[in-house]
Amino acid sequence: MKVLYFAWVRERIGKAEEIVDPPAAVQTVGDLIGWMAGRGEEYATAFASPKTIRAAIDRTHVKPEAAIAGAREIAFFPPMTGG
Amino acid sequence: MKVLYFAWVRERIGKAEEIVDPPAAVQTVGDLIGWMAGRGEEYATAFASPKTIRAAIDRTHVKPEAAIAGAREIAFFPPMTGG
Amino acid sequence: MPVPVTIRLQEADFDVSAEIAALTRGRTDVGAVVNFIGICRGNDDGRTVRALTLEHYPGMAEAEIGRHTAEALARWPLTGLTVIHRHGRIEPGENIVLVVTASSHREAAFQSAEFLMDYLKTSAPFWKREEGAQGAAWVEARHEDDKAAARWTKL
Amino acid sequence: MPVPVTIRLQEADFDVSAEIAALTRGRTDVGAVVNFIGICRGNDDGRTVRALTLEHYPGMAEAEIGRHTAEALARWPLTGLTVIHRHGRIEPGENIVLVVTASSHREAAFQSAEFLMDYLKTSAPFWKREEGAQGAAWVEARHEDDKAAARWTKL
């Protein structure tokens with residue numbers, strides 16, 4: 001599964017994208033955030049405050065309870081500040 | 001007192017402005033409309049429906065109950081359709 | 001710093017880019033510019049329109065628009081404001097009116113532009129005469145325009 | 001007739017007059033055009049801004065803006081719609097975003113432009129990094145923007 005990071009999530013993790021392979025118990029976006037936070041210090045920092053993390057599955061905004069089954073591309077980023 | 005007419009009020013009366021000298025009993029804009037309507041057939045037609053006539057005294061919108069004492073310029077016109 | 005306010009009544013067309021530039025050039029405090037452009041349509045409620053002729057009350061039109069721009073400046077934190085209203089004969093596709101509002105924030109720019117347009121429609125002394133297939137007739141005021149203007153009245 | 005919708009994400013600046021002309025040229029059914037231009041300010045809540053760098057999520061940004069333009073077309077009787085959002089480094093006084101809405105009537109043009117701006121602020125995947133006197137920092141989302149977007153939610 002391809003994971004993308006933007007803005008300060010990207011800066012804290014130190015990369016813009018990677019392929020991850022979470023275990024079967026990781027079923028929702030919220031589960032995935034928790035699992036990602038355990039992957040090392042930079043991930044712990046990036047995902048320290050799950051409330052400030054937004055997620056998209058296949059380029060559509062999703063909530064933490066969304067299932068990740070079948071997702072090709074999951075993105076994590078802070079609240080948006082465009083416009 | 002100078003009186004100005006615009007749009008279909010002007011067309012029905014057949015002139016854009018004139019000087020009028022109403023009697024002392026004509027004290028409000030509403031009184032003036034009634035008095036003007038009696039000045040001839042073209043005025044009767046122009047002022048036949050007082051509810052559709054708007055008025056301004058010295059270039060400020062006024063209501064029919066406004067006093068005309070001291071007015072230099074009174075204008076009569078239909079509801080506005082600019083913009 | 002005084003806020004630049006421009007009010008022009010003219011027969012000539014206007015240049016939207018030039019008016020935007022006049023409110024933004026050389027400044028770094030403007031975060032939002034809203035423009036409204038009113039254009040003559042070739043069809044009004046099913047009636048063909050060949051042209052509009054806009055009559056206005058010179059002197060009062062400027063004064064009335066000036067009262068509304070002053071109220072807009074009092075109600076919203078604007079950095080600049082421009083109103084241009086054409087008069088004379090205008091054909092379908094041609095511009096009629098331009099309102100430009102500039103502010104640090106978008107809410108003020110949007111709201112003041114809507115406020116000014118609602119008042120231009122109902123209070124500025126302009127009258128449209130429509131040349132159609134059946135001859136010419138004065139355009140009647142729309143009740144919806146009165147309702148739109150009434151929403152800005154302070155309680 | 002399909003309604004022309006243009007969505008562009010680009011580093012280059014945009015030409016407001018050209019975008020207005022694209023929605024009005026050769027047509028006589030457009031009565032109202034509203035433009036919103038968002039501009040980089042040199043000061044944000046008292047902090048000096050030397051430049052903004054806008055990061056975006058390519059692919060999703062177009063898709064998300066496309067979902068909102070489709071919703072605007074479904075909710076208001078528009079004759080055309082353009083959204084241009086710049087990315088990359090932008091200095092104070094430079095344009096960031098343009099929304100142009102065209103309709104027969106002004107209410108639809110104003111409301112759809114506000115709707116699109118409120119959603120661009122809260123849902124389009126763009127992030128601003130601000131270069132200031134003390135270094136660079138990511139801009140925080142404004143709670144007011146969430147409230148502004150929430151007012152369009154259908155009951």
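Atoms considered below: every heavy atom in the structure, side chains included; atoms not considered: hydrogens, waters and symmetry mates. Letters go in sequence order (proteins before strands), and every chain restarts at 1.
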- Message: If we define contacts as heavy-atom pairs under 4.5 Å, which of M117(D), K121(D), E140(D), R129(D) has the most with chain A?
- Response: K121(D)

- Item | H56(D) versus chain A, the contacting section by heavy-atom distance below 4.5 Å | backbone

- Residue pair R10(A) / E55(D), side-chain heavy-atom distance below 4.5 Å: yes

- Query: Picking from W8(A), F77(A), Y5(A), what satisfies ring pair (Phe, Tyr, Trp, His ring centres under 6.0 Å) with W127(D)?
  - Reply: F77(A)

- Query: With a 4.5 angstrom heavy-atom cut-off, which part of S123(D) approaches chain A: side chain, backbone, both or neither?
  - Reply: both

- Query: Taking every heavy-atom pair that is under 4.5 Å apart, which of A137(D), A124(D), A61(D) has the most such pairs with chain A?
  - Reply: A124(D)

- Task: Could you check T60(A) against R67(D) for side chain to side chain contact (heavy atoms under 4.5 Å, CB included), going step by step and ending with a plain yes or no?
- Result: CA-CA 10 Å; T60(A) 299; R67(D) 284 188 279 271; 3.6 Å; yes

- Nearest heavy-atom contact between V139(D) and T81(A) is O-CG2, 3.4 Å

- Task: Return the option, out of G83(A), A75(A), A56(A), P79(A), with the maximum number of heavy-atom pairs under 4.5 Å with chain D.
- Result: G83(A)

- Item | From Y57(D) atom OH to M80(A) atom CE, the distance as rounded to the nearest 0.5 Å | 12.0 Å

- Message: With a 6.0 Å cut-off (strictly less than), is the heavy-atom count around CD of E65(A), excluding the residue itself, greater than 12?
- Response: yes

- Query: What parts of residues 24-39 of chain A touch chain D if we use heavy atoms and a cut-off under 4.5 Å?
  - Reply: none

- Task: Count the heavy atoms of every other residue, nucleotide or ligand shown that sit under 6.0 Å from CZ of R25(D), and state whether that count exceeds 12.
- Result: no

